[in-house]
Amino acid sequence: MAGDNSSTATETATHEDVLNAIAVAKALGAITLDISRKGLTHIPHQVFLLEHLEYVYLEGNAISYVPSELFVMLANMKWLDLRNNQVQELPASIGEHRCLKTLLLEGNQLRELPCELGFVKTLCGLNLQKNPLEFPPPKVLERGVKEIQRYLRDAHGVRDRRLTAADLQLEDLHLSDSVRNSSESDDDYHGNLSNEDAVSRQSRKLKSASHHSMQSAGSNEDLEFPRPTSVSLHRHMTYEEYRQLQYEKFKRAGALGVLGREKRKKKKRKKIRTPPLIDPIESRMAEEKRLAKLRELQQKQALVEQRRKDQQLLEDWRSETKEMQRKHYIRAIKNAQQGMPWKYKDFTDPLKTPYDTDPNYMKILNKEERIKQEVKNKHEAMKQRNDPEAAQKLDKAR
């Protein structure tokens with residue numbers, strides 16, 4: 001008794017929490033409602049009054065039935081989370097929704113998806129894991145949301161055509177019964193004649209309609225979906241048997257024709273677009289122009305690269321020469337300071353240069369030679385200032 005009372009109290013508290021969450025969302029005008037893991041066995045009807053909801057979370061409950069009002073009333077819903085419930089089927093009203101983008105159905109008991117799901121154009125996310133799905137087949141489920149929707153739309157069209165064919169078959173049986181009954185009664189000859197004409201016209205219309213539905217549904221034979229229940233009074237006839245029966249009827253009537261077959265061949269035939277004609281001379285001239293421009297560009301690039309290399313080589317040679325001169329000068333200064341004899345003063349040695357130089361110009365004089373050179377220069381200056389005779393005398397004196 002105590003356990004029952006505690007479980008009842010827990011359920012009551014959970015139900016109150018759900019109602020409070022719904023009331024808060026309604027009061028605030030929220031676009032999100034999260035009532036996950038509340039032990040719900042059905043969706044509360046108060047949820048359908050929240051038309052402004054866009055995100056609905058119902059994950060982790062025990063919901064086994066999804067009412068059609070969920071997709072009719074909540075027209076702005078973009079996200080629906082029904083994971084880990086006991087949902088066995090989805091309502092056909094889901095095809096009328098125009099805002100649903102994500103539908104999470106993982107961990108439910110779904111065996112087939114409604115064909116109307118293929119008409120939800122905004123759907124871009126669909127989670128179907130851990131469901132014993134039989135329709136669509138697994139090879140379609142592996143291709144993604146868009147392929148699943150395309151398959152469901154094709155299946156919806158084929159199902160409607162097959163149901164129409166079954167209804168036509170039933171009407172054909174009723175018409176044949178009426179023709180048999182009218183032929184047995186010979187009370188009014190003119191009345192019977194008019195009835196037979198009307199019946200024959202109606203049967204021809206029905207046969208043409210059934211033949212048209214048979215041809216349009218022939219391309220979707222490989223679709224797998226639950227077949228509708230039989231509406232005829234005799235043994236259930238499969239679509240293949242019905243098609244073969246109609247084919248034999250038209251064959252006996254000589255009304256097969258080849259028009260439909262030619263149309264199908266034209267559809268299958270691919271349109272091959274012939275490329276535009278190109279003049280070989282113009283193409284060759286264009287190719288030669290392109291190659292000439294390419295060669296000119298390559299020559300310019302090679303010239304620029306060669307200039308860069310020459311400039312770099314010249315700069316390296318100059319820096320190396322300056323470094324050699326600096327070292328030679330420093331070594332000569334050190335030898336002069338140490339008082340080394342003349343033969344060890346290598347600063348007077350000619351430099352190894354890659355061009356011709358004047359030895360006298362490049363010669364470095366010592367102190368004694370500089371004095372002699374200065375005296376000589378002064379004497380020459382004095383001689384130039386004096387008259388020529390004095391200069392001759394000075395020369396003679398020397």
Side-chain angles (χ1 to χ4, degrees), residues 11-131 133 135-136 145-146 148-153 155-157 159-160 163 225-226:
E11 292 177 359
T12 304
T14 304
H15 185 66
E16 290 179 355
D17 294 340
V18 172
L19 294 179
N20 290 335
I22 296 174
V24 170
K26 183 177 181 180
L28 299 177
I31 62 174
T32 303
L33 177 63
D34 187 1
I35 48 176
S36 302
R37 300 181 183 89
K38 302 296 184 182
L40 297 174
T41 57
H42 64 281
I43 301 175
H45 66 276
Q46 292 86 351
V47 176
F48 306 144
L49 303 177
L50 306 178
E51 298 179 356
H52 50 78
L53 285 181
E54 295 183 6
Y55 300 89
V56 180
Y57 296 90
L58 298 169
E59 186 260 338
N61 290 292
I63 300 172
S64 60
Y65 173 69
V66 179
S68 59
E69 290 82 0
L70 180 66
F71 300 101
V72 175
M73 302 297 292
L74 303 183
N76 298 320
M77 183 171 56
K78 298 179 181 179
W79 183 289
L80 178 59
D81 188 355
L82 286 170
R83 293 175 296 170
N84 302 322
N85 281 278
Q86 302 296 326
V87 179
Q88 298 180 359
E89 62 178 358
L90 295 176
S93 61
I94 192 173
E96 302 176 1
H97 210 278
R98 292 296 176 266
C99 294
L100 186 61
K101 293 184 178 180
T102 304
L103 181 60
L104 306 179
L105 298 171
E106 180 182 356
N108 283 279
Q109 302 298 322
L110 292 171
R111 293 190 175 275
E112 62 182 54
L113 296 178
C115 297
E116 290 76 10
L117 183 63
F119 297 99
V120 184
K121 297 181 180 181
T122 57
L123 187 65
C124 57
L126 182 61
N127 186 0
L128 297 171
Q129 297 179 358
K130 299 180 182 179
N131 279 283
L133 281 172
F135 173 79
V145 181
K146 297 303 178 183
I148 294 174
Q149 288 189 300
R150 185 186 64 80
Y151 183 88
L152 292 174
R153 288 194 298 269
H156 184 271
R159 185 184 64 180
D160 290 345
L163 289 173
F225 58 90

Evaluate the ring planes of Trp79 and Tyr57, with Trp represented by its six-membered ring, and classify them as parallel (under 30°), tilted (30 to 60°) or perpendicular (over 60°).
tilted
Testing the basics here: between Leu40 and Pro44, what is the closest heavy-atom pair and its distance to 0.1 Å?
CD1-CD, 4.2 Å
Considering non-hydrogen atoms only, spot the tightest contact between His97 and Phe71 and give its length.
CD2-O, 3.2 Å
Considering residues, nucleotides and ligands other than His15, do more than 12 of their heavy atoms fall under 6.0 Å from its NE2?
no
Can you see which heavy atom on Leu82 is nearest to which on Asn108, and at what distance?
O-ND2, 2.9 Å
Donor-acceptor pairs are to be reported for all side-chain atoms of residues 118-129 against protein atoms at under 3.5 Å, with residues two or more places apart or in another chain.
from   : atom 1 : to     : atom 2 : distance (Å)
Thr122 : OG1    : Leu100 : N      : 3.3
Thr122 : OG1    : Leu100 : O      : 2.6
Asn127 : OD1    : Gln129 : N      : 3.4
Asn127 : ND2    : Glu106 : OE1    : 3.0

Testing the basics here: between Ile43 and Pro67, what is the closest heavy-atom pair and its distance to 0.1 Å?
CD1-CD, 4.1 Å
Just by distance, do the side chain of Asn76 and the backbone of Glu51 share a donor-acceptor pair under 3.5 Å?
yes
Side chains of Leu74 and Val47, heavy atoms from C-beta outward: is any pair under 4.5 Å?
yes
Hey, could you give me the OG1/CD distance between Thr32 and Glu54, rounded to the nearest 0.5 Å?
7.5 Å
Tell me every residue that passes side chain to side chain donor-acceptor pair (under 3.5 Å) with Arg153, counting only those two or more places apart in sequence or in another chain.
none
Around atom NZ of Lys26, are there more than 12 heavy atoms from other residues, nucleotides or ligands closer than 6.0 Å?
no
Before you tell me yes or no, could you show the steps for Leu152 and Phe135 under side-chain contact (heavy atoms from CB on, under 4.5 Å), namely the whole-Å CA-CA distance, both residues' side-chain angles and the distance that decides it to 0.1 Å?
CA-CA 9 Å; Leu152 292 174; Phe135 173 79; 3.8 Å; yes
If the condition is salt bridge (Lys or Arg N to Asp or Glu O under 4.0 Å), which residues does Lys101 pass it with, not counting sequence neighbours?
none
Please check: side-chain N/O of Asn85 versus main-chain N/O of Arg83, any donor-acceptor pairing under 3.5 Å?
yes
As a quick check of understanding, evaluate side-chain contact (heavy atoms from CB on, under 4.5 Å) for Leu33 and Tyr55, giving each step before the final call.
CA-CA 6 Å; Leu33 177 63; Tyr55 300 89; over 6 Å; no
With rounding to the nearest 0.5 Å, note down the distance linking CG in Asn61 to OG1 in Thr41.
9.0 Å
Determine, stepwise, if the pair Leu58 / Ile35 fulfils side-chain contact (heavy atoms from CB on, under 4.5 Å).
CA-CA 6 Å; Leu58 298 169; Ile35 48 176; 3.2 Å; yes
Pairwise distance CD(Glu89) to OG(Ser64) - rounded to 0.5 angstrom
10.0 Å
With rounding to the nearest 0.5 Å, note down the distance linking CE in Met77 to CD1 in Ile31.
13.5 Å
Looking at Pro136 and Leu113, what are the two nearest heavy atoms and their distance?
CD-CD1, 3.8 Å
A side-chain contact here means heavy atoms from C-beta on lying under 4.5 Å apart; do Val56 and Leu50 qualify?
no
Calculate, to the nearest 0.5 Å, the distance between atoms CG and CG belonging to Leu105 and Leu117 respectively.
8.5 Å
Could you check Arg37 against Glu59 for side-chain contact (heavy atoms from CB on, under 4.5 Å), going step by step and ending with a plain yes or no?
CA-CA 6 Å; Arg37 300 181 183 89; Glu59 186 260 338; 3.0 Å; yes
Spacing of OG1 belonging to Thr14 relative to NZ belonging to Lys38, to within rounding of 0.5 Å:
7.0 Å
So which heavy atom on Pro114 is nearest to which on Pro91, and how close?
CG-O, 4.2 Å
